[in-house]
Amino acid sequence: MKVGTPKETAAGEARVAMTPESAGMLQKLGYECLIQSGAGEAAGFSDETYKAAGVQVVKTAADLWKQSDIVAKVRQPEKAELKHLRKGLTLISFFNPAANKEGMDAAKKAGANVIAMEMVPRISRAQKMDALSSMANIAGYRAVIEAGNNFGRFFTGQVTAAGKVPPAKVLVIGAGVAGLAAIGTSTSLGAITYAFDVRPEVAEQVESMGAQFVYLNFKDEQQDGAATGGYASVSSPEFREAQLAKFRELAPDMDIVITTALIPNREAPELWTEDMVAAMKPGSVIVDLAAEKGGNCKLTKKDEKIVTKNGVTIIGYTDFPSRMAAQSSSLYANNIRHMMTDLTPGKDGKLVHNMEDDVIRGATVTYEGDITFPPPPPKVQAIAAAKPKEKAKELTPEEKRAAEAAAFKAQTRQQVILLTVGGVLMLLAGLYTPASFMQHFIVFVLSVFVGFQVIWNVSHSLHTPLMAVTNAISSIIILGALMQIGSGSWLVIVLAALSVFMAGINIFGGFLVTRRMLAMFQKS
């Protein structure tokens with residue numbers, strides 16, 4: 001089967017869905033790769049580079065669509081491109097299914113299978129195919145660079161011979177993928193960065209990146225983002241009023257505001273009102289990453305940069321990823337390649353459109369002449385609930401006393417039997433061995449018995465069982481060695497001293513190792 005990538009027809013679009021590197025990976029999966037002549041030039045990939053990677057360069061878009069079994073694109077297909085759809089063809093691209101009725105109907109009528117990259121479910125296994133996150137990451141980074149280009153001042157504070165330069169203050173509204181990328185870039189450039197998000201659980205992420213999270217004095221808790229697939233949910237009117245009041249308080253102090261707030265399948269919420277813009281200092285910059293959905297700022301104009309009467313620059317560009325075409329193309333092509341890997345389980349160049357797979361089903365919007373959008377929620381494997389353990393029957397005081405007495409009797413019986421057998425064996429040994437040997441042998445046996453009782457009854461509560469046992473053994477060695485230090489033989493004295501020294505190292509070393517092990521589980 002052949003995978004083809006046409007040149008993007010949208011005005012100003014510089015990205016390409018296949019790079020020479022990703023083409024090599026697709027070929028390893030068993031596919032032939034085609035690309036339209038000039039498709040990668042704006043991203044820095046020449047036709048010669050593709051040819052060197054084994055990719056066939058096709059002159060026209062019509063030829064490429066005709067020859068390809070699978071077409072990978074970046075932008076939503078335009079009217080002219082929809083005419084190329086046919087039965088058996090698989091299209092992989094951004095498709096905007098919720099607001100693209102014309103495209104959905106055309107794909108259904110043609111019988112083409114369409115995989116929308118923005119519909120990849122946000123589950124752990126699908127992160128490598130999450131093109132929305134890939135592009136949002138670039139957009140957040142580029143937003144800070146664009147803001148710095150229009151700000152005209154340093155981000156970081158400086159003290160120079162010519163005077164003191166205060167650090168820029170940056171507010172990032174929305175701490176999703178784009179917002180976190182903007183926070184990371186802003187803090188790395190030295191700005192004092194503030195961030196706000198309606199999901200309270202992202203506060204730790206924001207603060208871990210060196211920014212200050214903006215908290216609201218609002219009593220009602222907001223919905224956890226885990227309940228909405230990681231996205232923000234619609235806020236209550238009371239929360240919105242508290243939010244706007246906080247932004248009005250911050251507006252006069254902020255030099256740069258970057259807004260990223262979006263709710264899936266809705267117009268962007270208005271968060272930065274006209275009076276907030278009026279309160280900002282001349283020379284301040286607003287970068288509205290939600291401009292494509294109407295913008296978070298009241299004055300944003302899509303794909304334009306405007307300067308207000310009070311000197312505030314508002315940037316409403318919607319092509320931030322395209323402004324970094326080489327990087328965007330590499331990441332997006334990798335997203336496509338990972339999607340193709342899931343679609344080719346046999347790595348034999350044969351596409352298997354498995355609608356039982358959560359990721360493939362979630363991203364598929366038309367399949368074999370049917371519209372499959374919206375997809376069902378991803379299947380979550382049920383975890384069998386553990387059966388509750390039966391509670392042990394509580395014994396009455398009389399039963400407890402009887403159980404303790406029985407246990408004591410059994411233990412005493414065992415001890416008496418062991419001592420009796422040991423005594424009999426000692427008597428038998430004394431009949432056939434010299435008295436001098438028996439004197440030392442009896443001391444040895446009693447030492448083993450006492451040592452066994454001491455070691456076995458050591459509590460493990462202070463350190464590990466292994467440390468407890470080895471320390472108990474070392475303690476017995478030290479006691480025995482101390483008794484022998486007063487001996488008349490210099491050899492015995494030296495050996496006893498060495499025993500005390502080495503056993504002492506074992507004991508103190510054991511406690512030091514245990515302390516380090518316990519410190520590994522402490523927060524501070």
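Positions are given from 1 along the sequence.
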Quick check: do [X] and [Y] have side-chain heavy atoms less than 4.5 Å from each other?
X: M340; Y: Y31; result: yes
X: R122; Y: L132; result: yes
X: P374; Y: M119; result: no
X: K128; Y: N334; result: no
X: Q327; Y: Y141; result: no
X: L418; Y: Q414; result: yes
X: V257; Y: F247; result: no
X: F196; Y: Q243; result: yes

Any idea which heavy atoms bring [X] and [Y] closest together, and the distance?
X: A116; Y: V365; value: CB-CG1, 3.9 Å
X: F94; Y: A131; value: CZ-CB, 3.7 Å
X: V500; Y: A481; value: CG2-CB, 3.5 Å
X: A126; Y: P121; value: CB-O, 3.3 Å
X: A290; Y: A261; value: CB-O, 3.7 Å
X: V55; Y: C33; value: CG1-O, 3.5 Å

Testing the 3.5 Å rule here: is there a donor-acceptor pair between the side chains of [X] and [Y]?
X: T193; Y: S186; value: yes
X: T19; Y: Y332; value: no
X: T90; Y: H353; value: no

When rounded to the nearest 0.5 angstrom, what is the spacing between [atom1] in [X] and [atom2] in [Y]?
X: I371; Y: T364; atom1: CD1; atom2: OG1; result: 13.5 Å
X: K347; Y: K28; atom1: NZ; atom2: NZ; result: 10.0 Å
X: H338; Y: M25; atom1: NE2; atom2: CE; result: 8.0 Å
X: Q415; Y: L419; atom1: CD; atom2: CG; result: 6.0 Å
X: I138; Y: S134; atom1: CD1; atom2: OG; result: 7.0 Å
X: K350; Y: L343; atom1: NZ; atom2: CG; result: 15.5 Å

Would you find a donor on one side and an acceptor on the other, under 3.5 Å apart, between the side chain of [X] and the backbone of [Y]?
X: Q212; Y: A195; answer: no
X: E368; Y: N113; answer: no
X: D197; Y: A175; answer: yes
X: N296; Y: E270; answer: no
X: T366; Y: V114; answer: yes
X: E118; Y: N96; answer: yes
X: S328; Y: P321; answer: yes
X: S22; Y: M18; answer: no
X: T260; Y: L289; answer: no

R401/E399 under side chain to side chain contact (heavy atoms under 4.5 Å, CB included): CA gap, chis, key distance, verdict: CA-CA 5 Å; R401 282 195 294 272; E399 289 174 333; over 6 Å; no

Verdict with supporting geometry, L171 and W272, side chain to side chain contact (heavy atoms under 4.5 Å, CB included): CA-CA 11 Å; L171 172 64; W272 206 257; 3.7 Å; yes

Chi angles and distances behind the side chain to side chain contact (heavy atoms under 4.5 Å, CB included) call for T341, L29: CA-CA 7 Å; T341 301; L29 291 174; 3.7 Å; yes

Short N-O contact, R337 and D342, less than 4.0 angstrom: no

Are more than 12 heavy atoms, taken from residues, nucleotides or ligands other than [X], located less than 6.0 Å from that residue's [atom1] atom?
X: F154; atom1: CZ; value: no
X: F444; atom1: CZ; value: no
X: E204; atom1: CD; value: no

Full working for side chain to side chain contact (heavy atoms under 4.5 Å, CB included) between I477 and M502: CA-CA 10 Å; I477 292 171; M502 288 186 286; over 6 Å; no

Test applied, side chain to side chain contact (heavy atoms under 4.5 Å, CB included); reference residue, I92; option that passes from T5, V3, I70: I70

Among I192, I256, L189, side chain to side chain contact (heavy atoms under 4.5 Å, CB included) partner for V170: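 Among I192, I256, L189, the one that satisfies the side chain to side chain contact (heavy atoms under 4.5 Å, CB included) with V170 is I256.
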
Whether F441 and F437 hold their rings parallel, tilted or perpendicular, with breakpoints at 30° and 60°: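 The rings of F441 and F437 lie parallel, inter-plane angle below 30°.
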
Worked check of side chain to side chain donor-acceptor pair (under 3.5 Å) between R142 and T185: CA-CA 9 Å; R142 181 69 189 196; T185 308; over 6 Å; no

From CA spacing to verdict: salt bridge (Lys or Arg N to Asp or Glu O under 4.0 Å), D130, R125: CA-CA 10 Å; D130 190 352; R125 185 169 65 85; over 6 Å; no

